[in-house]
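Every heavy atom of this structure was used, including side-chain atoms; hydrogens, water molecules and symmetry mates were not. Letters A, B, ... are given to chains in the order of the sequence lines, protein chains preceding strands, and every chain is numbered from 1.
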Amino acid sequence: MVRVRFAPSPTGYLHIGGARTALFNYLFAKHNDGKFILRIEDTDKERSTKESETEILESLKWLGLDWDEGPGKSADDSLYYQTRRLPVYHRHAEKLLSENKAYKCFCTKEELDAERKKAEAQKRAFKYDGRCGLLTKEQAAQKEADGMPYVVRVRVAQTGETIVNDIVRGEVKVQNSTLDDIIILRTDKMPIYNFVVVVDDVEMGITHVIRGEDHLSNTPKQIHIYKALGFPIPQFAHIPLILGADKSKLSKRHGETAVLRYKESGYLPEALVNYLALLGWSPDNEDTIFSMEQLISKFALERVHKSGAMFDNKKLTFINGVHIRNKSADELTKLCIPYLLKSGVITDDDVKNRHDFIKHTIVLQQEKLQVLSEISDLSAYFYKDDYDMNEDAKKVWEKNAGERGKVLEIFGKIISETGVDKAKLEERLKVDMEAAGIKPKVFMHVIRVVLSGTTMGPGLFDIAETFGLEKCMARIKKYGC
RNA sequence: GCCGCUAUCGUCUAACGGUUAGGACACGGGGUUCUCAAUCCUGUAAUAGGAGUUCGAUUCUCCUUAGCGGUACCA
């Protein structure tokens with residue numbers, strides 16, 4: 001049974017990179033009928049916050065990456081928060097200590113920092129020499145009795161090499177001599193990441209560790225801890241990093257990277273999932289648009305590739321547009337209403353009383369929408385009366401100064417006689433305008449700018465019909481003769 | 001500095017050692033159209049450099065270069 005996990009530390013929002021890691025874990029689990037587990041790595045007490053955790057959970061849910069085990073999924077949530085599992089880590093640390101696979105190190109952070117600096121100045125690699133590991137039992141006991149603070153380190157053999165067997169990268173070899181003894185417990189007894197991750201992955205029965213490439217260099221250390229603990233080593237898969245425009249790891253300084261910001265901007269979760277899946281992975285065909293179900297059935301770690309991928313908002317936006325076009329009228333309406341409300345284009349009363357009208361105006365813009373938030377600017381003129389022509393519209397207006405009066409006169413006459421039914425309107429308008437010797441391009445453009453105040457938008461007859469007779473007449477009056 | 005990873009169009013990527021190096025986004029041209037969009041057709045554009053193995057290398061090996069990641073009592 002495949003068991004994978006996503007293990008964020010609640011020190012900030014869920015960003016694009018974390019979301020992609022979660023997604024790959026999720027897809028792999030679901031593809032293999034396995035379990036996707038969520039664990040909160042909150043051992044950094046300084047930086048962890050409840051707000052971050054809440055946002056991360058909300059982001060995952062929004063993306064549709066619901067977890068099988070984790071917070072909110074069992075009677076006892078404490079299993080999934082590392083700060084609530086401290087006795088577990090301490091038990092394993094005690095065992096290592098008693099087996100002499102770990103030792104107490106009394107060197108202070110200050111001492112070590114000084115040595116590190118010195119080594120750096122001499123352009124030497126710094127490595128802890130393991131001197132406290134040479135202390136006799138009595139010496140160590142004495143120091144402890146003297147009240148000296150200590151960390152716990154796991155001994156690392158200095159000969160031979162450690163091989164990380166990685167599904168995406170193959171064999172990665174590291175000389176053990178480049179590793180130093182690994183700190184697993186701080187002076188305040190809080191366990192360190194490299195230790196808790198191993199203990200938890202084993203205790204939770206994790207079979208595949210899928211995470212970002214930035215963890216690759218930690219892996220040899222973790223393998224040493226697995227071995228010291230006598231634990232089986234899981235399969236590793238280190239996925240390529242997502243990069244910003246400058247090719248460095250995507251981070252806050254590259255602008256908005258929070259998943260929830262994408263939600264606010266009007267991106268669909270299925271579009272973000274679709275795009276993220278294509279970053280570092282590719283299907284065995286040339287398709288680009290996928291639903292979650294399709295991704296699950298196609299996903300394979302073997303097709304994850306090795307190099308980092310730049311995040312391209314343009315492609316995300318394109319994919320978002322495709323998913324928007326695939327929405328039904330009702331779904332799209334539901335999705336757009338919050339944006340219309342937020343921008344003040346419509347009110348809660350409108351939602352109650354003019355639902356069909358709102359739906360109609362949204363559907364008119366469906367094929368044009370790339371992100372949901374654009375709906376407000378695109379359809380504002382359906383909801384207000386006091387708007388003027390924009391610059392482009394004025395140009396069209398001026399350009400047709402010769403015919404515009406006549407156009408409006410005929411248009412006004414037609415709608416007052418036959419109404420604004422779009423089929424009838426189109427038919428009569430063409431006939432009458434031709435009789436008056438006015439070309440379609442001219443009258444269409446003139447009527448369009450008068451009605452909407454802009455040069456682009458849905459079909460002219462759709463606009464007129466949606467406006468209704470009264471509003472059309474008001475617009476004619478505003479610009480008419 | 002040291003350790004590790006990576007290298008195909010501008011970007012995301014495909015290609016049992018044999019292809020006119022394919023697709024997608026973006027960009028350009030054209031068809032359709034009342035505009036924009038959508039849609040259809042179409043164009044520009046890539047194997048970082050150098051050795052080697054091989055009949056044949058984008059693909060395997062080595063070197064160089066470049067980029068990235070790690071180098072914490074962060075995760």
Q. At under 4.0 Å, does any side-chain N or O of A:T43 touch on OP1 or OP2 of B:rA75?
A. yes
(Q) So, under a plain 3.5 Å distance rule, would you say the side chain of A:K249 forms a donor-acceptor pair with the base of B:rC68? (A) no
Q: Check the angle between the aromatic planes of A:F236 and A:H238 and answer parallel, tilted or perpendicular using the 30° and 60° thresholds.
A: parallel
Q) Looking only at atom P, what distance separates B:rA21 and B:rG43, rounded to whole Å? A) 15 Å
Q | Interatomic distance at P, B:rC63 relative to B:rC25, whole Å | A | 40 Å
Q) With sugar-phosphate meaning primed atoms plus P, OP1 and OP2, does A:D284 contact a base, only sugar-phosphate, or nothing at under 4.0 Å between heavy atoms? A) nothing
Q: For the side chain of A:A125, starting at C-beta, report the closest nucleotide among B:rA14, B:rC2, B:rC12.
A: B:rC2
**Q.** N or O in side chain of A:K306 less than 4.0 angstrom from B:rU6 OP1/OP2
**A.** yes
Q. Looking for any heavy atom pair under 4.0 Å, which part of the strands does A:V172 touch: base, sugar-phosphate only, or nothing?
A. sugar-phosphate
Q: Salt-bridge test for A:E53 and A:K50: reply yes if a basic N is under 4.0 Å from a carboxylate O, no otherwise.
A: yes
**Q.** Proximal nucleotide (of B:rU13, B:rG70, B:rG4) relative to the A:S282 side chain
**A.** B:rU13
Q) How about A:H254 and A:D246: does a side-chain donor come under 3.5 Å of a side-chain acceptor? A) yes
Q.
With a 4.5 Å cut-off on side-chain heavy atoms, are A:D432 and A:F411 touching?
A. no
Q. Separation of A:I182 atom CD1 from B:rU71 atom C1', in whole Å?
A. 14 Å
Q.
Using the side-chain heavy atoms of A:F461, tell me which of these nucleotides is nearest: B:rC34, B:rG69, B:rG1.
A. B:rC34
Q. Within the structure shown, what part of the strands sits under 4.0 Å from A:F318 by heavy-atom distance: base, sugar-phosphate, or nothing?
A. sugar-phosphate
Q: Check whether any side-chain nitrogen or oxygen of A:R116 sits under 4.0 Å from OP1 or OP2 of B:rC73, and answer yes or no.
A: yes
Q. Picking from B:rC34, B:rA24, B:rG69, which would you name as closest to the side chain of A:T288?
A. B:rA24
Q) How do A:P440 and A:H305 order along RNA chain B: which one's closest nucleotide is nearer the 5' end? A) A:H305
Q) Can you check the A:D180 CG to B:rC2 P distance for me, whole Å? A) 17 Å
(Q) What contact category does A:L278 fall into here, base, sugar-phosphate, or nothing, at under 4.0 angstrom with non-hydrogen atoms? (A) sugar-phosphate
Q) Quick one: on RNA chain B, does A:M310 or A:P149 contact a more 5' nucleotide (nearest heavy atom)? A) A:M310
Q: Could you give the distance separating B:rC60 and B:rU53 at their C1' atoms, to the nearest angstrom?
A: 8 Å
Q. Once you round to the nearest 0.5 Å, how far does CD of A:E161 lie from OG1 of A:T178?
A. 10.5 Å
**Q.** Nearest-angstrom distance, P atom, B:rA45 to B:rG4
**A.** 40 Å
Q. Heavy atoms under 4.0 Å, any strand shown: does A:G280 hit a base, just sugar-phosphate, or nothing?
A. sugar-phosphate
Q | Nucleotide nearest A:E286 (side chain, heavy atoms from C-beta), chosen from B:rG22, B:rC5, B:rU13 | A | B:rG22
**Q.** Pairwise C1' distance for B:rG52 and B:rU44, with rounding to whole Å
**A.** 35 Å
Q: Measure the CZ-SG distance between A:R131 and A:C105 for me, rounded to the nearest 0.5 Å.
A: 7.5 Å
Q: Rounded to the nearest angstrom, tell me the gap between atom CD in A:E367 and atom P in B:rU39.
A: 9 Å
(Q) Looking only at the side chain of A:D44 (C-beta and beyond, no hydrogens), which of the listed nucleotides B:rC73, B:rG70, B:rA75 gets closest? (A) B:rA75
Q: Look at the side chain of A:Q158 and the backbone N and O of A:L179, then say whether any donor-acceptor pair between them is shorter than 3.5 Å.
A: yes
Q | Side-chain-base donor-acceptor pair under 3.5 Å for A:R448 and B:rC34 | A | yes
**Q.** Whole-Å distance separating the CD1 atom of A:I16 from the P atom of B:rC12
**A.** 16 Å
(Q) Rounded to whole Å, please give me the gap between CZ in A:R325 and P in B:rU39. (A) 5 Å
Q: Determine the interatomic distance between P on B:rA14 and the same-named atom on B:rA24; round to the nearest Å.
A: 15 Å
(Q) Base, sugar-phosphate or nothing for A:P8? Non-hydrogen atoms, less than 4.0 Å. (A) nothing
Q: Please determine, for the side chain of A:L241, which listed nucleotide (B:rC68, B:rC73, B:rA75) has the closest atom?
A: B:rC68
**Q.** A:R253 vs A:S248 side-chain heavy atoms within contact, under 4.5 Å
**A.** yes
Q. With respect to the side chain of A:K247, which nucleotide from B:rG69, B:rG4, B:rU11 is positioned closest?
A. B:rU11
Q.
Just to be sure I understand the rule, does A:K173 reach a base, reach only the sugar-phosphate, or reach nothing, if contact means heavy atoms closer than 4.0 Å?
A. sugar-phosphate
Q: Could you tell me the separation between the CD atom of A:Q175 and the P atom of B:rG70, rounded to a whole number of Å?
A: 22 Å
Q: Could you measure between the two P atoms, the one in B:rG23 and the one in B:rA15, and give it in whole Å?
A: 15 Å
Q) What integer distance in Å separates A:Q365:CD from B:rC36:C1'? A) 10 Å
Q: Could you work out which one of B:rC25, B:rA7, B:rC5 sits closest to the side chain of A:S307?
A: B:rA7
Q. Between the main-chain N or O of A:S265 and the side-chain N or O of A:S373, is there a donor-acceptor pair closer than 3.5 Å?
A. yes
Q: Using a heavy-atom cut-off of under 4.0 Å over every strand shown, decide if A:R211 touches base, sugar-phosphate, or nothing.
A: nothing
Q. Taking OP1 and OP2 of B:rA75, is either one under 4.0 Å from a side-chain nitrogen or oxygen of A:R186?
A. yes
**Q.** Sugar-phosphate only, base, or nothing, as touched by A:R47 at under 4.0 Å among non-hydrogen atoms
**A.** base
(Q) For a quick check of understanding: with a heavy-atom distance under 4.0 Å over all strands, which category does A:L185 fall into, base, sugar-phosphate or nothing? (A) nothing
Q.
Taking any heavy-atom pair under 4.0 Å as a contact, classify A:K123: base, sugar-phosphate, or nothing.
A. sugar-phosphate
Q. So which nucleotide from B:rC5, B:rG69, B:rU11 ends up closest to the side chain of A:D312?
A. B:rU11
Q.
Between B:rA75 and A:N218, counting only base atoms on the nucleotide and side-chain atoms on the residue, is there a donor-acceptor pair under 3.5 Å?
A. yes
Q: Round to the nearest Å and state the distance from A:Q82 atom CD to B:rA75 atom P.
A: 8 Å
Q. Heavy atoms under 4.0 Å, any strand shown: does A:S248 hit a base, just sugar-phosphate, or nothing?
A. sugar-phosphate
